[in-house]
Each structure stands twice: as C-alpha cells, then as structure tokens.
Amino acid sequence: MRYIAAADTDIGTFKSINQDSVCVKTAETDTSSVALIMVCDGMGGLSKGELASAEVVRSFSDWFDNELPYEIDAWNWETAARRTIKRLRILNEKLVRYGAEHNIRAGTTATGIIAVNSGYMTFHAGDTRIYKISSDLRQLTDDHTYINREIKRGNMTPQEAMTDPRRNALIQCIGASGEVDPEIKFGNLESGANYMICSDGFRHVLEPKEIFHALSPQNASTKQEMERSLRDLIDIVKTRNERDNITAAMFRAEF
C-alpha cells in the first residue's frame with residue numbers, strides 16, 4: 001500500500017495574516033501504512049484564530065510523531081476515536097482557558113483524516129469539509145453551522161441560507177465554546193480515490209464541478225499533479241475576490 005499526499009495554503013487577497021493551519025503526514029512501519037491529513041481554519045472574527053489553529057495542528061502532529069508509533073501495533077478504531085475526542089476536548093478547554101486569562105477569544109475548526117492501511121477515521125468540528133472524489137464529488141462531513149442546522153430542521157431553505165447574515169456562524173468549533181462534541185466517522189479507503197480537506201475559503205467561490213474536474217483521480221493522481229491542481233484552484237479563487245484564507249490538503253491510497 002502507498003499513500004500519496006499534498007497540500008497548499010494561501011493568505012488570499014484581503015487578510016493580513018493566514019489563520020489556517022494544515023498538516024500532512026504519512027509513514028510506513030513494518031506492518032502498517034499510516035497517514036494524518038488535517039486542516040484547521042482559525043476563526044477570523046476572533047482575535048487569535050491563527051494561534052488556535054496552530055495549536056490544534058501541533059498537538060495532532062506531535063501525536064503522530066511521538067505517540068502513534070507505540071499505538072499502531074495494537075491499533076483499534078474505537079480506541080482511536082475515544083482518544084481523538086479526548087484530545088479535541090482537552091484542546092478546547094486549553095484554548096478557552098487561555099482566552100479567559102488573556103481576555104481574548106481563540107477558536108478554530110478542526111477537521112482531519114487518520115488512515116491506517118485501508119481503513120480511515122474522520123474527525124470534525126466546524127465547517128471545514130472533507131470530500132471523497134472518485135466517480136463523483138461527495139461531501140463526507142456535516143457543516144456545523146447555524147444555517148445547516150436550520151435547513152435540517154426545516155426552518156430555512158437553501159436559497160434563504162445563501163443570503164442569511166448568519167451563514168458563517170458556527171455552532172461548534174475548538175476554543176470558542178464550553179463544550180465540543182466532535183463528529184467521528186469510519187470508512188474504508190477506495191483504492192485510487194482522492195480525499196480532500198478544505199477550509200471554507202477554498203470552496204466558497206468554486207463550483208462543485210470545478211473541484212471535481214481539477215481534483216479527480218484522472219487529473220490528480222501523483223503528488224506533482226495534486227500540488228499543481230490545488231494551486232490552480234487557489235489561483236482561481238483569488239481572482240474571484242474570496243476574502244478568506246485559502247487552504248486544502250488531499251491524499252489517496254493505492255493498493
């Protein structure tokens with residue numbers, strides 16, 4: 001089995017700092033292939049979004065380097081899920097406490113994929129999205145936003161949501177609320193399919209068909225093709241006056 005991964009991030013054309021953070025790690029052991037792909041989108045309305053996103057990515061990166069090697073031989077997905085939820089809740093408490101001590105608010109989305117051999121687990125809080133791209137483009141995560149909740153409840157139509165002033169309001173993230181209940185999902189990797197994680201700044205002004213065409217397995221199967229396709233889409237987003245930071249990461253498994 002072989003994992004191929006790539007990522008790109010851009011400050012964009014409006015903001016003075018990039019509050020997004022991204023992590024792409026793959027490794028081989030004697031018995032396993034492992035990967036961690038994640039994107040954290042620091043909340044632009046808060047004073048230290050870049051601190052929050054970097055802290056969450058750093059914690060998971062340290063786990064991959066220093067703890068995962070001792071866990072992999074006895075790997076269990078349910079145990080991994082419990083540990084991931086615990087890690088995100090500890091990070092949430094840490095950032096909430098830091099904010100209270102310094103009279104600021106520091107929040108971030110936290111969305112990622114942990115892959116071990118042919119299995120994977122997604123973890124998610126916020127509106128950063130994970131897509132599976134094979135014969136079509138399919139969103140694997142559920143947006144933790146006010147408008148998405150209201151659409152599900154039947155209180156708002158998708159058309160109304162497009163212009164609602166609360167369309168960017170999150171109902172769940174890391175660091176800006178007392179409690180967090182991360183979304184965890186399990187699945188099996190499809191050989192040759194691409195999996196992509198992106199901040200909302202990456203996708204806001206792109207049509208789904210544009211994402212699918214550029215990042216389909218036929219057009220982005222090598223690391224170089226992935227990097228080129230991500231940069232091409234980021235450049236398109238910048239020409240369309242997106243005001244947010246722009247970040248995406250992707251990977252594929254071949255077996």
Side-chain angles (χ1 to χ4, degrees), residues 9 17-25 34-72 75-114 116 120-130 140-149 166 168-186 197-201 244-245 247 249:
T9 186
I17 190 168
N18 191 344
Q19 294 184 309
D20 292 351
S21 296
V22 60
C23 179
V24 173
K25 287 181 174 283
V34 294
L36 168 67
I37 316 294
M38 68 181 300
V39 171
C40 293
D41 181 356
M43 294 170 62
L46 305 185
S47 51
K48 289 292 181 179
E50 72 281 3
L51 181 150
S53 68
E55 180 65 21
V56 174
V57 161
R58 186 182 303 112
S59 177
F60 277 86
S61 177
D62 288 347
W63 162 79
F64 188 93
D65 292 340
N66 302 315
E67 298 178 42
L68 178 59
Y70 299 99
E71 299 172 0
I72 194 64
W75 187 260
N76 176 276
W77 286 111
E78 294 298 334
T79 300
R82 289 194 299 271
R83 288 173 174 168
T84 298
I85 291 170
K86 181 179 180 180
R87 181 175 298 275
L88 289 169
R89 287 176 173 165
I90 289 173
L91 285 163
N92 184 65
E93 293 170 0
K94 180 179 181 180
L95 289 170
V96 169
R97 185 169 59 251
Y98 178 88
E101 292 171 352
H102 294 83
N103 196 31
I104 62 171
R105 296 183 70 206
T108 182
T109 69
T111 301
I113 299 175
I114 296 169
V116 177
Y120 74 83
M121 177 183 78
T122 63
F123 57 92
H124 170 60
D127 63 351
T128 296
R129 289 181 178 178
I130 301 177
L140 300 183
T141 50
D142 191 41
D143 293 346
H144 298 153
T145 59
Y146 172 83
I147 60 170
N148 190 43
R149 183 185 66 187
R166 298 161 293 185
N168 294 323
L170 298 180
I171 59 174
Q172 185 167 209
C173 67
I174 306 298
S177 59
E179 296 182 1
V180 63
D181 186 22
E183 172 189 294
I184 302 288
K185 294 181 179 179
F186 304 97
I197 309 174
C198 66
S199 62
D200 59 343
D244 206 349
N245 306 138
T247 302

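Side chains are part of it too, since the values below use all heavy atoms of this structure and drop only hydrogens, waters and symmetry mates.
Separating the OG1 atom in T111 from the CD1 atom in I130 is a distance of 6.0 Å, to the nearest 0.5 Å. To the nearest 0.5 angstrom, N18 atom CG is 9.0 Å from D244 atom CG. Atom OG1 of T109 and atom CG of D41 lie 4.5 Å apart (nearest 0.5 Å). With values rounded to the nearest 0.5 angstrom, I197 atom CD1 is found 9.5 Å from C23 atom SG.
Remark: the backbone N or O of T247 is paired with a side-chain donor or acceptor of S199 at under 3.5 angstrom. In terms of modelled atom types and a separation under 3.5 Å, the side chain of D20 and the main chain of V39 share no donor-acceptor contact. Remark: side-chain polar atoms of S59 are not paired, donor with acceptor, to backbone N or O of E55 under 3.5 angstrom. Between the N245 side chain and the Q19 main chain, a donor and an acceptor come within less than 3.5 Å of each other. Put simply, the side chain of N66 gets close to the backbone of D62: a donor and an acceptor are under 3.5 Å apart.
Minimum heavy-atom separation, N92 to A176: OD1-N, 4.0 Å. When all heavy atoms of V34 and F64 are compared, the pair lying nearest together is CG2-CZ, 3.8 Å. Counting all heavy atoms, side chain and backbone alike, A110 lies closest to L88 at CB-CD2, 4.0 Å. Nearest heavy atoms, T128 versus T141: O-OG1, 3.9 Å. Closest approach of V56 to C40, counting heavy atoms only: CG1-SG, 3.6 Å. The minimum heavy-atom distance between W77 and I114, with the atom names listed, is CH2-O, 3.5 Å.
Salt bridge R149/D143: absent, no basic N to carboxylate O contact under 4.0 Å. With salt bridges taken as basic N to acidic carboxylate O contacts below 4.0 Å, none links E67 and R83. Taking the charged nitrogens against the carboxylate oxygens, D200 and R129 have no contact shorter than 4.0 Å, which rules out a salt bridge.
In this structure the side chain of K48 never reaches within 4.5 angstrom of the side chain of H102, judged on heavy atoms. Considering only heavy atoms from C-beta on, V57 stays 4.5 Å or farther from V22 through its side chain. Using a 4.5 Å cut-off on side-chain heavy atoms (C-beta onward), I37 and Y120 make no contact. Annotation: side chain of T145 is not in contact with side chain of I171 (no heavy-atom distance under 4.5 Å). Counting heavy atoms from C-beta on, the side chains of M121 and T84 come closer than 4.5 Å. For the pair M43/L170, a side-chain contact is recorded, criterion being any heavy-atom separation below 4.5 Å from C-beta on. Side-chain atoms of D181 and Q172, non-hydrogen and from C-beta on, do get closer than 4.5 Å to each other.
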Trace of the side chain to side chain contact (heavy atoms under 4.5 Å, CB included) decision for F186 with T122: CA-CA 6 Å; F186 304 97; T122 63; over 6 Å; no

S61 vs K25, side chain to side chain contact (heavy atoms under 4.5 Å, CB included): CA-CA, chis, key distance, verdict: CA-CA 8 Å; S61 177; K25 287 181 174 283; 2.7 Å; yes

Side chain to side chain donor-acceptor pair (under 3.5 Å) assessment of T79 paired with R82: CA-CA 5 Å; T79 300; R82 289 194 299 271; 3.2 Å; yes

Audit row: L36, I113, side chain to side chain contact (heavy atoms under 4.5 Å, CB included) steps and yes/no: CA-CA 6 Å; L36 168 67; I113 299 175; over 6 Å; no

Side chain to side chain contact (heavy atoms under 4.5 Å, CB included) between E183 and F123, intermediate numbers included: CA-CA 6 Å; E183 172 189 294; F123 57 92; over 6 Å; no

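Side-chain polar atoms of S53 and S21 form a donor-acceptor pair below 3.5 angstrom.
Around atom CD of E179, no more than 12 heavy atoms belonging to other residues, nucleotides or ligands sit under 6.0 Å away. Environment of NZ in K185: crowded, with over 12 heavy atoms of neighbouring residues, nucleotides or ligands closer than 6.0 Å.
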